[in-house]
Amino acid sequence: MTPSDSMPAPLDAEYFRTRLLDWFDHHGRSQLPWQQERTPYRVWVSEIMLQQTQVATVIDYFQRFMARFPDVESLAAAELDEVLHLWTGLGYYARARNLHRAARCVVEAYGGHFPVENVEALSALPGIGRSTAGAIIAQATGQRAPILDGNVKRVLSRLHGVGGWPGRPAVERRLWQLAEHYTPHWRCADFTQAMMDMGATLCTRRRPACLLCPFVDDCVAHRAGEETRYPESKPKKTTPLRHTLMLMLIDEEGRVLLEQRPASGLWGGLWGLPQFDDETQLRDWLDSHAPGSRFGERRQPFVHAFTHFRLEITPLTAHLSRGSAGVAEGQHWYDPLQPASLGLAAPVKALLDAQTTLL
DNA sequence: AATCCGGGGAA
DNA sequence: TTCCCAGGATT
């Protein structure tokens with residue numbers, strides 16, 4: 001599909017820029033800390049801090065950061081721990097680690113000079129992607145460079161009624177294309193700031209102030225009365241359903257065999273029932289670990305929900321006919337009538353509690 | 001190209 | 001609690 005096919009025509013670029021910059025001159029933000037003394041270093045730090053983080057939260061962190069690390073050399077010379085300390089509370093700490101690495105890279109590879117001349121060199125630095133590179137270039141140098149952050153995505157998707165989740169490549173391509181179309185060669189710093197300010201203060205995610213918007217008559221979403229439909233949210237992934245068998249091996253005194261799980265991973269370090277992917281594995285295990293046992297019954301499966309998946313658990317019972325097997329390392333015979341204080345996985349506890357009521 | 005990762009704030 | 005944000009890195 002070519003861009004000109006079956007796509008609504010964008011607005012005239014000059015019309016859009018004029019109206020946007022006129023709005024910005026009256027309502028845009030021009031007194032933010034990083035807008036004063038616009039060095040590439042200060043703009044860079046601010047853009048990294050502003051990733052996934054709102055302006056009001058960033059301001060104090062930015063001031064403290066600049067007081068301690070006034071230039072890229074001081075940042076490069078610092079210990080990572082101190083950088084992380086100044087970042088504490090901002091979240092996304094990989095940003096701080098990348099910032100520190102990038103500072104050393106700029107000092108060593110570019111002699112402390114940010115490669116603001118080309119997007120590729122800039123976005124090769126850790127923590128700087130396509131949009132952040134564009135923002136740094138536009139804000140620090142005024143050169144033409146499009147950006148596409150969450151705010152711009154929201155403004156453009158509403159203005160043109162661009163459906164689909166922006167995380168989808170085709171949707172993102174279309175939005176970049178629109179951003180390219182509108183980005184001017186003049187006043188590019190103001191333009192990109194204006195787009196972000198629009199998204200942050202006017203074209204907000206909920207309850208956008210459409211009556212104050214310079215594009216109220218142009219906006220596809222507004223004309224349809226469906227502003228909040230855009231941008232579409234990420235489709236909820238139906239959590240996958242996995243299956244497992246849990247063996248309740250019961251001795252003649254009604255005790256149940258538990259095994260301690262590996263220290264890491266699901267239910268790390270907790271005690272659980274022996275688990276198997278299928279009944280063959282389970283029978284093999286019984287043959288080698290509890291040869292005197294007889295197979296019991298397959299009970300009603302139930303589903304336990306995790307964050308990332310659901311687990312269908314099928315309980316199976318088996319009985320030891322001649323006393324108990326020995327207790328090996330990492331094993332425990334659990335007496336439902338005199339339960340020891342063990343960390344139990346939730347569904348295992350439910351099974352053991354149910355077993356108790358059967359006695 | 002698709003998926004993963006991230007932590008705090010807002011609703 | 002859930003959603004999602006001034007995205008980037010990884011595979």
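Just so we're on the same page: letters track the sequence lines, and every chain starts at 1.
- When only modelled atom types and interatomic distance are considered, Arg154(A) and Asn151(A) share a side-chain donor-acceptor pair under 3.5 Å.
- Figure legend: cation-pi geometry between Arg130(A) and Trp176(A), with NZ or CZ positioned under 6.0 Å from the six-membered ring centre and within 45° of its axis.
- If Met196(A) and Pro126(A) are placed on DNA chain C by their nearest nucleotide, the residue sitting closer to the 5' end is Met196(A).
- Straight-line distance from the CG atom of Asp149(A) to the P atom of dC4(C): 17 Å, rounded to whole Å.
- When heavy atoms are screened at a 4.0 angstrom cut-off, Arg173(A) is found touching the sugar-phosphate backbone but no base atom.
- Under 4.0 angstrom from either OP1 or OP2 of dC5(C) there lies no side-chain N or O belonging to Tyr92(A).
- Among the atoms of the strands shown, base atoms are found under 4.0 Å from some heavy atom of Val55(A).
- Checking Gln275(A) against Thr244(A) by side-chain atom types alone, a donor-acceptor pair falls below 3.5 Å.
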Legend entry - Test log, rule salt bridge (Lys or Arg N to Asp or Glu O under 4.0 Å), inputs Glu172(A) and Arg168(A): CA-CA 6 Å; Glu172(A) 188 172 358; Arg168(A) 272 173 43 191; over 6 Å; no
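- Inspection of the Asp353(A) and Thr356(A) side chains reveals no N or O donor paired with an N or O acceptor under 3.5 Å.
- Residue Gln193(A) is the one, among Gln193(A) and Leu125(A), whose nearest nucleotide of DNA chain C lies closer to the 5' end (criterion: closest heavy atom).
- To the nearest angstrom, C1' of dA9(C) lies 16 Å from CZ of Arg130(A).
- Residues Thr53(A) and Arg205(A) each lie close to DNA chain B; by heavy-atom proximity, the contact nearer the 5' end of the strand is made by Thr53(A).
- For the P atoms, the distance linking dA6(C) with dC4(B) amounts to 23 Å, nearest Å.
- Looking at heavy-atom distances under 4.0 Å, Gly89(A) makes contact with sugar-phosphate atoms alone, never a base.
- At distances below 3.5 Å, at least one donor-acceptor pair connects side-chain atoms of Asp197(A) with backbone N or O atoms of Arg29(A).
- Checking the phosphate oxygens (OP1, OP2) of dG9(B), no side-chain nitrogen or oxygen of Thr57(A) falls inside 4.0 Å.
- Residue-level contact check: Glu47(A) touches neither bases nor backbone, having no heavy atom under 4.0 Å from any strand.
- Rounded to an integer number of Å, the gap from Leu50(A) CG to dA6(C) C1' is 5 Å.
- Remark on DNA chain B: of its neighbouring residues Gly91(A) and Gln54(A), the 5'-side contact belongs to Gly91(A), judged by nearest-heavy-atom nucleotide.
- Atom CD1 in Ile147(A) sits roughly 15 Å away from atom P in dC5(C) (whole-Å rounding).
- When rounded to the nearest whole Å, the span between CG of Leu99(A) and P of dG7(C) equals 16 Å.
- Atom CE in Met198(A) sits roughly 14 Å away from atom P in dA6(C) (whole-Å rounding).
- Side-chain nitrogen and oxygen atoms of Arg206(A) include none within less than 4.0 Å of the OP1 or OP2 phosphate oxygen of dC4(C).
- Atoms CH2 (Trp44(A)) and P (dG8(C)) sit 14 Å apart, rounded to a whole Å.
- Here the side chain of Gln52(A) is nearest to one of dC5(C), dA2(B), dG8(C), namely dC5(C).
- Taking atom CZ of Arg29(A) as the reference point, atom P of dA6(C) lies 10 Å away to the nearest angstrom.
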